[in-house]
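We're numbering straight along the sequence, starting at 1. In listed order, ligands and their atoms are each counted from 1. Keep in mind it's a predicted model, so treat the numbers as computed, not measured.
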Amino acid sequence: MVNYAFVIAGSEATGGAGIQVDLKTFQQLDVYGIGAITCIVAFDPKNNWNHRFVPVDPDVISNQIEAATGAHDLEVVKIGMLGTPATIDTVAGALEANSFRHVVLDPVLICKGQEPGAALDTDTALRDKVLPQATVITPNNFEATTLSGVEKLETIDDLKEAARLIHEQGPQYVVVKGGMDFPGEDAVDVLFDGSEYHVFSERKIGEDRVSGAGCTFAAVITAELAKNASVVDAVATAKRVVTQAVRDAVASNAPFTSVWLSADNK
Ligand code: PXL
């Protein structure tokens, strides 16, 4: 039996993040990956690796979603970087028109190449139109402070409070990732399902952020949900796979390392 997972996300051409990582992750977890591209990010090696960001025309995004959902009966979708209010309108409309069993939202809020003014509109649109349709949302430390209004996430109780406040905005399951900004030696994530909190913790690896960790985390959850895992089990698998992918991170000429899913990391 083949299980299918759909991703609507941006392309990041170095292969370290975005839809490239999502589709690699689906394959790794034995799920047939299908993807629609929302925007194209091309870092600039001549200019400090700054993000060059180009949105895909909303009609072209709609056409891709039409092709993907027309060809396959898709139950589970991951939403990655959207990037503009127009893209968010298009994707929110597609989520309303298709009744997915799970919508996993990685709420990518800012990208360095975007104007700050535009980014604020984008954040507001994401919060108003996509967030309430998510069944699972996976904000990182910064995204969780923005979405919850909790100023600093420094204790497990802070992570729980942020998760509870984001849950009130619609998503059934909220996973707040403490990440590198969380004090101490452990990378701690909290899942809130509306009644219970589940804490996932692993030792931090190194001192620097690794590109693609957030994308991989949400993509593993999506793949596991496509195989009918429970959300709690899907998050546990994501924590394990991402931790190993960070351990196996690969360097490049860019000033950051990127996650790598080695053959036995499933
Ligand atoms: O990691 C966040 C992210 C997601 N999607 C795309 C990106 C990035 C960060 O660079 O470029 C397309």
Atoms in ligand 1 with a heavy atom of [X] nearer than 4.0 Å:
{"X": "M81", "answer": "5 (N), 6 (C), 7 (C), 12 (C)"}
{"X": "E12", "answer": "11 (O), 12 (C)"}
{"X": "G10", "answer": "12 (C)"}

Please verify the inter-ring angle class for F43 with F256; under 30° counts as parallel, over 60° as perpendicular, anything in between as tilted.
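Perpendicular.
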Could you check whether the rings of Y32 and H72 sit parallel, tilted or perpendicular, using 30° and 60° as the cut-offs?
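Aromatic pair Y32/H72 classed tilted.
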Could you see which bit of F43 sits under 4.0 Å from ligand 1, with heavy atoms only: side chain, backbone, both or neither?
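The part of F43 near ligand 1 is the side chain, not the backbone.
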Proximity to ligand 1 by part of S11, non-hydrogen separation under 4.0 Å:
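Just the backbone.
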For L29, the rest of its hydrophobic cluster, which grows through side-chain links under 4.5 angstrom
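The other cluster members (ILVMFWY side chains, heavy atoms under 4.5 Å, direct or chained) are V220, V241, L261.
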If you look at every heavy atom in V210 and A249, which pair is closest and at what distance?
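Heavy atoms only, the tightest pair is CG1-CB, 3.8 Å.
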Quick test of your reading of the structure: of C215, A218, G80, whose heavy atom lies closest to atom 4 (C) of ligand 1?
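Looking at heavy atoms only, the winner is C215.
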So do F217 and T243 actually touch side chain to side chain, heavy atoms under 4.5 Å?
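No - every pair of side-chain heavy atoms lies 4.5 Å or more apart.
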